[in-house]
**Q** 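To start, I am sharing the structure in question, which I have written as structure tokens.
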There are 2 protein chains.
Amino acid sequence: MMQISSRFTLAVHIFACIDTFGNEYKVTSDFLSKSTNVNPVIIRKILGQLKGAGLLKVTRGAGGAAAARPLHEITFLDIYRAVECIEGGELFHFHENPNPACPVGMNIHFILDDKLLRIQNAMEKELASITLADLKKDTEKYLNQETM
Amino acid sequence: MMQISSRFTLAVHIFACIDTFGNEYKVTSDFLSKSTNVNPVIIRKILGQLKGAGLLKVTRGAGGAAAARPLHEITFLDIYRAVECIEGGELFHFHENPNPACPVGMNIHFILDDKLLRIQNAMEKELASITLADLKKDTEKYLNQETM
DNA sequence: TCAGTTGTAAGCATAAATATTACAACTGAC
DNA sequence: GTCAGTTGTAATATTTATGCTTACAACTGA
């Protein structure tokens, strides 16, 4: 399988909750746990990662999370990088010890690395093109459909 | 972490070996095991996936693998899809049971799915733009550097 | 002071990847 | 026809990451 972990969609879900409920309610890990149906400790860990990346603020003691920057200045790429703690940020996992005595084995990184990077860049460029302002707009769209 | 599994880079490595050694040697799972330093049973499993996708032919009994189509008609996307057996082909893993009683939880898929798809499409488009002909060209480039 | 909350550690359960052993079935050369 | 070499596949083990859960110290605002 090997998909991008659900921490990413969880993090986006968290921001959608902050957008939607932030003014009315205190958005705590317990609140988010109920909306996502994910354990509050996991939520707190993700909140910590997002906080560490400067994307949101978490109020210790009193509780509650809020965005740390204007929404159009937070991209999906920021979120992806905050929660997807990949060594060196590399999307593709390589087999570890290709044979240095084989002409192909010894050169496989020279042959492949630039191509893999191109692919990863294409994905990250698209991630960077989506902001939390877009998310909020669409969230409101669907929530209003409910109300009607 | 959650990277794309090394089966993909392994599969590309396999094709690089076929390109380079296919005329001179019989490219068996044992041969490939030595070049990649990966267990021959794993190699055979990947060979089976590539064969199943119609990308190469494996000679039973006698042994050996070879490309099943002209190299410029095999893309990295073909290989990716052959070996990355993701349910529904989705790059992003979603938290399973968002709360249907929460306005955000009940709509999170409507809000997010199109955006995730855009990101995945960007990546797959780049995967599709690289063919095994490109791979062979670069492989020869680096191997010739060795010889000089 | 105290109820509610965050941050974090520790242990467990689950899932996927990869390694490994084993062996039946197959093929081509002799 | 035999046989060495190979593929296909099953079964098991190991490793690694994820996510769940319990627990609790530290913190904050009322």
**Q** Rounded to the nearest angstrom, tell me the gap between atom CZ in B:Arg44 and atom P in D:dT6.
**A** 10 Å
**Q** Between A:Arg60 and B:Gly64, which is nearer to the 5' end of DNA chain D once each is assigned its nearest nucleotide?
**A** B:Gly64
**Q** Describe, in one word, how the ring planes of B:Phe8 and B:Tyr80 are oriented to each other, choosing from parallel (under 30°), tilted (30 to 60°) and perpendicular (over 60°).
**A** perpendicular
**Q** Compare side-chain N and O positions of B:Ser6 against OP1 and OP2 of C:dT18 and report whether any pair is under 4.0 Å apart.
**A** yes
**Q** Rounded off to whole Å, could you give me the NE2-to-C1' distance for the B:His93 and C:dT14 pair?
**A** 11 Å
**Q** Using whole Å, report how far CZ of A:Phe31 lies from C1' of C:dT6.
**A** 17 Å
**Q** Please determine whether a side-chain nitrogen or oxygen atom of B:Lys51 lies at a distance below 4.0 Å from atom OP1 or OP2 of D:dG8.
**A** yes
**Q** From the list C:dT27, C:dT5, C:dG7, which nucleotide is the closest neighbour of the side chain of A:Val58?
**A** C:dG7
**Q** Whether A:Arg7 contacts D:dG19 is assessed here as follows: a side-chain N or O lying under 4.0 Å from the phosphate OP1 or OP2. Is that the case?
**A** yes
**Q** Would B:Ser33 and B:Asp30 satisfy side chain to side chain donor-acceptor pair (under 3.5 Å), going step by step from the backbone distance to the final call?
**A** CA-CA 5 Å; B:Ser33 170; B:Asp30 212 59; 5.3 Å; no
**Q** Quickly work out the A:Ile46 CD1 to D:dC20 P distance and round it to whole Å.
**A** 9 Å
**Q** NA contact type, A:Gly61, heavy-atom cut-off 4.0 Å: base, sugar-phosphate, or nothing?
**A** base
**Q** Can you identify which nucleotide, out of C:dT20, C:dG28, D:dG19, has its nearest atom closest to the B:Ile42 side chain?
**A** C:dT20
**Q** Kindly indicate, with the supporting measurements, whether the criterion side-chain contact (heavy atoms from CB on, under 4.5 Å) is fulfilled by B:Ile4 and B:Glu84.
**A** CA-CA 8 Å; B:Ile4 287 165; B:Glu84 214 60 35; 3.8 Å; yes
**Q** Give a yes/no answer on whether the side chain of B:Thr59 brings an N or O atom under 4.0 Å of OP1 or OP2 in D:dT7.
**A** no
**Q** In whole angstrom, what separates B:Glu96's CD from C:dA15's P?
**A** 10 Å
**Q** With side chain to side chain donor-acceptor pair (under 3.5 Å) as the criterion, how do A:Thr9 and B:His95 come out once you've worked through the C-alpha distance, each side chain's angles and the decisive distance to 0.1 Å?
**A** CA-CA 7 Å; A:Thr9 55; B:His95 44 298; 3.2 Å; yes
**Q** Please report the distance, rounded to the nearest Å, between CG in A:Leu56 and P in C:dG7.
**A** 10 Å
**Q** Whole-Å distance between D:dT18 P and A:Lys45 NZ?
**A** 7 Å
**Q** Any side-chain heavy atom of A:Gln3 within less than 4.5 Å of one from B:Leu91?
**A** no
**Q** Given atom CG of B:Asp30 and atom C1' of D:dT7, what is their separation to the nearest angstrom?
**A** 12 Å
**Q** Quick check on D:dT21: is either OP1 or OP2 less than 4.0 Å from any side-chain nitrogen or oxygen of A:Asn39?
**A** yes
**Q** Is the backbone of A:Ala62 close enough, under 3.5 Å, to the side chain of A:Lys26 for a donor and an acceptor to pair up by distance?
**A** yes
**Q** Please classify the nucleic acid contact of A:Val41 as base, sugar-phosphate, or nothing, using heavy-atom distances under 4.0 Å.
**A** base
**Q** Is there a side-chain contact between B:Ser5 and the phosphate of C:dA17, meaning an N or O under 4.0 Å from OP1 or OP2?
**A** no
**Q** Scan every strand shown for a Watson-Crick or G-U wobble partner of C:dA16, both distances under 3.5 Å, and answer none if you come up empty.
**A** D:dT15
**Q** Taking a pair as Watson-Crick or G-U wobble with both distances under 3.5 Å, which nucleotide is matched to D:dT28?
**A** C:dA3
